[in-house]
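For reference, the structure discussed in these notes is given below.
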Number of protein chains: 2
Amino acid sequence: MKRRENLIPVYYRLAEDIKHQIESGVLKDGDLLPTEAQLGEQYAISRMTVRQGIALLAEAGLIETVKGKGSFVTRPRLNQLVIDLKNSGASADPLRYKLLHVNLIRNNQKLTNELGFIGETNIIVVKRLMLRGQLPVAIEEKFLRYQKGKPLLETQLEYADFPELVAKHQDSVPVRNDMIISVASLSSEQAKLLEANELLPALVVKQVIYSREDKPLGVSIMVCHKDRFELTATSYPLSGRL
Amino acid sequence: MKRRENLIPVYYRLAEDIKHQIESGVLKDGDLLPTEAQLGEQYAISRMTVRQGIALLAEAGLIETVKGKGSFVTRPRLNQLVIDLKNSGASADPLRYKLLHVNLIRNNQKLTNELGFIGETNIIVVKRLMLRGQLPVAIEEKFLRYQKGKPLLETQLEYADFPELVAKHQDSVPVRNDMIISVASLSSEQAKLLEANELLPALVVKQVIYSREDKPLGVSIMVCHKDRFELTATSYPLSGRL
DNA sequence: GAGTGGTCTAGACCACGTC
DNA sequence: ACGTGGTCTAGACCACTCA
């Protein structure tokens with residue numbers, strides 16, 4: 001009905017309107033929104049357009065729609081936090097990487113089992129040091145299935161992040177990354193690399209990247225200096241603003 | 001065009017088709033999808049329906065659409081991992097909570113500043129012990145602005161999770177939860193509560209819940225026994241299956 | 001200017017939930 | 001039976017990109 005009037009889409013304005021009503025408390029947790037037909041009438045727009053706005057709110061986790069009943073206001077899912085590895089631990093200074101070594105390990109049954117690399121004989125181990133300025137902040141050890149004809153380029157080893165490295169080195173398409181965050185004490189070797197005291201507590205971040213068939217393609221273990229690296233997460237930098 | 005034929009929506013089938021093409025490697029990172037008009041013709045469906053399928057793939061992070069150009073295959077965002085506090089650290093046995101104490105602290109300027117509770121005079125402190133079976137796994141300390149007329153119910157204190165507690169106790173609507181994951185050594189008091197040795201490394205999870213105006217509404221600090229609690233995260237339990 | 005995705009319409013039928 | 005959201009259509013115009 002109303003066409004130009006502004007540069008931003010009508011469904012977006014509708015979604016923002018409702019969002020503000022929720023965040024200001026006019027609409028409370030559990031409240032029922034007007035029906036799509038009613039909203040269409042109020043805003044003088046077609047129902048499909050209303051649905052586009054509704055979909056935006058549902059994506060952002062502000063409402064939940066139930067077939068046959070209606071759309072309900074829900075508390076935002078503050079229980080779900082997103083870790084963005086691209087930014088996590090990155091303060092003002094960006095991180096630098098220093099390649100320590102790359103090894104090919106053959107026929108090590110024990111390691112193969114530990115990694116879950118069933119049926120694999122050759123494993124590539126990449127060890128890198130992460131630094132901020134001159135200060136070492138973490139040790140990163142990566143394990144990959146050896147893939148013939150997929151050489152690891154020096155630049156990738158130095159600069160690529162873990163999921164990217166796996167994607168570039170594997171024929172199988174990586175589809176999932178599972179992470180376990182735990183704590184350990186620095187071994188003497190780790191302490192030396194991090195220029196810290198032995199037995200100092202350390203953050204341990206383990207990642208396993210899987211293919212569609214749930215076959216592990218790569219494993220990464222980061223050991224982080226407790227005072228020089230923090231993981232951060234936030235509930236929903238989800239989707240397009242709103 | 002084709003109406004019943006199956007119970008699952010047409011746009012969903014289209015999305016799955018393309019998804020399988022991506023995951024099997026037929027479509028590779030950076031490839032351009034057919035145009036919406038072409039897909040509509042191929043599947044004999046209307047363009048709006050094609051767009052619904054495309055939107056699903058974009059939401060899942062499998063493709064990216066660019067106005068005026070087309071839809072491109074992208075590597076799934078394995079760099080973004082989701083922590084689900086409802087499940088994290090929950091193995092076979094569910095967690096139990098034991099309320100240690102609830103205090104009201106008045107006019108403690110230092111604490112108020114540390115928490116970022118500007119303009120607040122009264123702060124509620126809730127301390128809980130988390131157990132699995134008989135074993136203490138973590139200490140949880142929560143700080144809330146005192147809210148007149150919003151009493152904290154015993155059941156909430158014992159069973160509610162942190163975001164829920166804040167939502168129930170605040171008039172302002174909580175919209176964001178930021179988390180910092182770090183490491184520390186157990187103090188003697190903490191060690192005693194966790195039935196562990198002093199100075200043992202511990203996982204520290206700090207959460208701050210904000211209102212729309214970025215005013216902190218609540219702070220939670222969890223100190224976890226290193227061998228009894230792990231945080232887990234995964235890249236994309238996102239949205240509806242697919 | 002040709003081609004793409006982005007927005008929007010005014011209808012339609014369906015499946016589900018409630019009464 | 002009725003109201004709700006879910007799916008789908010066959011058009012239309014717009015904004016953007018690229019040659």
Side-chain angles (χ1 to χ4, degrees), chain A residues 1-19 22 27 30-74 239-242, chain B residues 1-19 22 27 30-74 239-242:
Chain A
M1 228 83 255
K2 48 193 57 181
R3 197 63 76 133
R4 264 296 58 80
E5 203 154 332
N6 281 295
L7 313 152
I8 63 173
V10 184
Y11 72 87
Y12 190 90
R13 295 172 66 79
L14 177 143
E16 277 206 319
D17 272 12
I18 296 178
K19 181 194 172 205
I22 293 174
L27 287 169
D31 282 1
L32 190 57
L33 256 59
T35 68
E36 296 177 349
Q38 285 168 359
L39 285 172
E41 208 176 327
Q42 283 176 32
Y43 286 78
I45 57 181
S46 117
R47 190 178 151 226
M48 280 305 281
T49 306
V50 172
R51 283 180 58 73
Q52 227 175 133
I54 296 280
L56 229 57
L57 292 163
E59 211 183 320
L62 293 172
I63 66 169
E64 217 169 79
T65 80
V66 184
K67 197 201 281 209
K69 297 179 77 172
S71 292
F72 299 87
V73 178
T74 62
S239 60
R241 239 29 48 193
L242 187 58
Chain B
M1 227 83 264
K2 47 193 58 183
R3 196 64 74 136
R4 263 297 57 82
E5 202 154 332
N6 283 293
L7 312 151
I8 63 173
V10 184
Y11 72 88
Y12 191 90
R13 294 169 68 80
L14 178 142
E16 277 206 320
D17 271 12
I18 295 178
K19 182 197 173 204
I22 293 173
L27 287 169
D31 283 2
L32 191 58
L33 256 57
T35 68
E36 294 177 351
Q38 284 168 359
L39 285 172
E41 210 175 327
Q42 284 176 31
Y43 286 78
I45 56 180
S46 117
R47 190 179 151 226
M48 279 306 280
T49 306
V50 172
R51 283 180 59 71
Q52 227 174 130
I54 296 280
L56 229 57
L57 293 163
E59 210 183 321
L62 293 172
I63 66 170
E64 216 169 78
T65 81
V66 184
K67 195 200 281 210
K69 297 178 79 173
S71 293
F72 299 87
V73 177
T74 62
S239 60
R241 239 30 49 197
L242 189 62

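Atoms considered below: every heavy atom in the structure, side chains included; atoms not considered: hydrogens, waters and symmetry mates. Below, chain A is the first sequence line, B the second, and so on; all start at residue 1. All of these numbers come straight from a predicted model, not from anything done at the bench.
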**OP:** With sequence neighbours left out, write down each residue that passes side chain to side chain contact (heavy atoms under 4.5 Å, CB included) with B:K67, or none if nothing qualifies.
**Re:** none
**OP:** Starting at atom CD1 of A:I63, determine the distance to atom C1' of D:dG5, rounded to an integer number of angstrom.
**Re:** 11 Å
**OP:** Please state how far atom CD1 in A:I45 lies from atom C1' in C:dT9, giving the value in whole angstrom units.
**Re:** 11 Å
Original post:
Should A:T65 be listed as having a side-chain N or O under 4.0 Å from OP1 or OP2 of D:dG6?
Top reply: yes
**OP:** Please determine if a side-chain N or O atom of B:S46 lies less than 4.0 Å away from the OP1 or OP2 oxygen of D:dT9.
**Re:** yes
**OP:** Please say whether more than 12 non-hydrogen atoms of neighbouring residues, nucleotides or ligands are located less than 6.0 Å from CD in B:E64.
**Re:** no
Subject >> Interatomic distance where CD1 belongs to A:I8 and P belongs to C:dT7 [whole Å] >> reply: 11 Å
Got a list of protein N/O to nucleotides 16-19 of chain C N/O distances below 3.5 Å?
{"from": "C:dT18", "atom 1": "OP1", "to": "A:K69", "atom 2": "NZ", "distance (Å)": "3.4"}

Original post:
Can you check the A:E36 CD to C:dA12 C1' distance for me, whole Å?
Top reply: 15 Å
Original post:
If you pin B:S71 and A:M48 to their nearest nucleotides in DNA chain C, which one's is more 5'?
Top reply: B:S71
**OP:** May I ask you to evaluate whether A:T49 reaches the phosphate of C:dT7, defined as a side-chain N or O under 4.0 Å from OP1 or OP2?
**Re:** no
Subject >> Gap between atoms OH and P, on B:Y43 and D:dC8 respectively (whole Å) >> reply: 13 Å
Original post:
Within the pair A:R47 and C:dT9, is there a side-chain N or O less than 4.0 Å away from OP1 or OP2?
Top reply: no
Original post:
CZ of A:R51 versus C1' of C:dG6: gap in Å, rounded?
Top reply: 18 Å
Original post:
Taking CG from A:L32 and P from D:dG3, how many angstroms apart are they, rounded to a whole number?
Top reply: 15 Å
Subject >> Residue pairs fulfilling salt bridge (charged side-chain N to carboxylate O under 4.0 Å, His left out) with at least one residue in residues 39-52 of chain B, sequence neighbours excluded >> reply: B:E36-B:R47, B:E36-B:R51
Original post:
Which residue lies toward the 5' end of DNA chain C, B:Q38 or A:Q52, if each is placed at its nearest nucleotide?
Top reply: B:Q38
Original post:
Taking only side-chain nitrogens and oxygens of A:Y11, does any of them come within less than 4.0 Å of OP1 or OP2 of C:dT7?
Top reply: yes
